[in-house]
Amino acid sequence: MPELPEVETVCRALSPVLEGAILQDVVIRQFSLRFPVPPNFHEKLVSRRIVKVQRRAKYLLIELDDGGVIIGHLGMSGRMTIYRVGDNVPLPGRHDHIDFKVVSGDLVRFSDPRRFGLMILTEAGILKEHALIKNLGPEPLNPDFTGAALADRLKGCKSSIKSALLDQRKVAGLGNIYACESLFRSGISPNRRAKNVQGIRAIKLMQAVQSVLTEALEAGGSSIRDHIQPNGKLGYFQKCFQVYGREGAPCPTCNCDWLVTGGIKRIIQAGRSTFYCPRKQR
DNA sequence: CTTTGGGCCTGGACGC
DNA sequence: TGCGTCCAGGCCCAAA
């Protein structure tokens with residue numbers, strides 16, 4: 001499911017429930033995720049107080065009062081569901097891998113049918129050096145990540161700009177959907193070499209990235225396939241997609257005759273689908 | 001060093 | 001209804 005806006009939505013939903021809460025029990029039903037859930041996961045968490053819930057790139061970071069940190073990732077199909085005290089908590093299904101129960105009676109359930117997600121432990125003091133964290137690029141919604149900074153990071157990069165946007169070392173948090181949408185908004189061809197996205201193009205791209213992510217966040221993320229917010233509401237940014245998943249549809253902004261042009265194209269780059277308008281994007 | 005492609009998993013959509 | 005095929009928002013890792 002989740003790219004930056006979806007993970008941020010999850011993070012914002014979890015924060016008021018978990019921050020300050022003491023973990024009463026952690027039930028692990030499935031240890032086999034992208035990386036195994038560590039054997040001491042339960043022991044390290046129970047009776048600890050959660051002090052902070054944060055996001056870095058597409059990772060959730062849940063910090064404990066003893067300096068422990070849970071690194072969580074939702075993979076492609078991961079979901080967090082919040083049950084407030086008194087809510088009816090359904091019996092766990094086969095994909096409900098971990099329950100975090102806090103003393104107030106609230107419960108957070110991690111589910112992930114495809115098990116590409118992960119839930120592991122580290123320590124706050126060494127978090128920044130953790131293999132999963134240390135190579136992450138800057139956060140695109142950080143205001144000091146400018147077009148010039150992006151251009152600098154793309155220097156010498158021989159891959160396509162589309163593939164570069166998916167590289168978490170260059171920009172953290174973009175996935176296939178928001179990479180496609182950002183390129184469309186900025187009028188840049190996904191096939192352009194990344195190193196040639198400089199100057200005004202890089203500025204426009206960075207503005208597009210930030211506006212797409214901000215609007216998606218305001219919509220509660222995109223609900224395609226099974227992504228829903230932890231409160232059960234559907235995000236609705238998928239209604240705003242201009243190219244993603246719209247192969248053959250007329251381009252929403254150029255008034256070319258789409259019966260002639262064929263409208264939005266789908267191509268494969270580095271094994272991933274890219275959607276774009278060849279007329280608007282150069 | 002950089003870049004690409006395979007693989008990890010399951011479920012849903014589609015064609016026959 | 002059932003079966004096979006293809007596809008999916010991510011990321012690690014081996015290979016080129």
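Residue numbering restarts at 1 for every chain, and letters A, B, ... go by the order of the sequence lines.
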Original post:
Taking the side chain of A/Arg266 as its heavy atoms from C-beta onward, which of B/dT4, C/dC7, B/dT3 lies nearest to it?
Top reply: C/dC7
Original post:
Between C/dC12, B/dT3, C/dC7, which nucleotide has the shortest distance from any of its atoms to the side chain of A/Arg34?
Top reply: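 The answer is C/dC12, which lies nearest to the side chain.
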Residue-phosphate contact under 4.0 Å: [X] side-chain N/O, [N] OP1/OP2:
X	N	value
A/His95	B/dG11	yes
A/Arg272	C/dA8	no
A/Gln168	C/dG10	no
A/His73	C/dC11	yes
A/Lys58	C/dG10	yes
A/Arg114	B/dG12	no
A/Ser77	B/dC9	no

**OP:** Using the P atoms only, state how far C/dA14 lies from B/dC9, rounded to an integer number of Å.
**Re:** 16 Å
Do [X] side-chain atoms and [Y] backbone N/O form a donor-acceptor pair below 3.5 Å?
X	Y	value
A/Asp112	A/Phe116	yes
A/Arg153	A/Arg169	yes
A/Arg279	A/Gly263	no

Using whole Å, what does the distance between atom [atom2] of nucleotide [N] and atom [atom1] of [X] come to?
X	N	atom1	atom2	answer
A/Lys158	B/dC1	NZ	C1'	9 Å
A/Leu136	C/dC12	CG	C1'	13 Å
A/Lys155	B/dT2	NZ	P	16 Å
A/Leu118	B/dC9	CG	C1'	14 Å
A/Arg115	C/dA8	CZ	P	21 Å
A/Leu60	C/dC11	CG	P	12 Å
A/Lys195	B/dC1	NZ	P	19 Å

Original post:
Has A/Phe116 got its ring stacked on C/dC11, by the test of a centre gap below 5.5 Å and a plane angle below 30°?
Top reply: no
**OP:** Describe the nucleic acid contact of A/Leu166 in one word from base, sugar-phosphate, nothing, applying a heavy-atom distance below 4.0 Å.
**Re:** nothing
Original post:
So what does A/Phe241 touch, heavy atoms closer than 4.0 Å: a base, only the sugar-phosphate, or nothing?
Top reply: nothing
Ion pair check, [X] and [Y], cut-off under 4.0 Å:
X	Y	result
A/Glu247	A/Arg266	yes
A/Glu181	A/Arg185	no
A/Arg55	A/Glu6	no

**OP:** Tell which nucleotide pairs with B/dT2, taking only Watson-Crick or G-U wobble pairs whose two distances are both under 3.5 angstrom.
**Re:** C/dA16
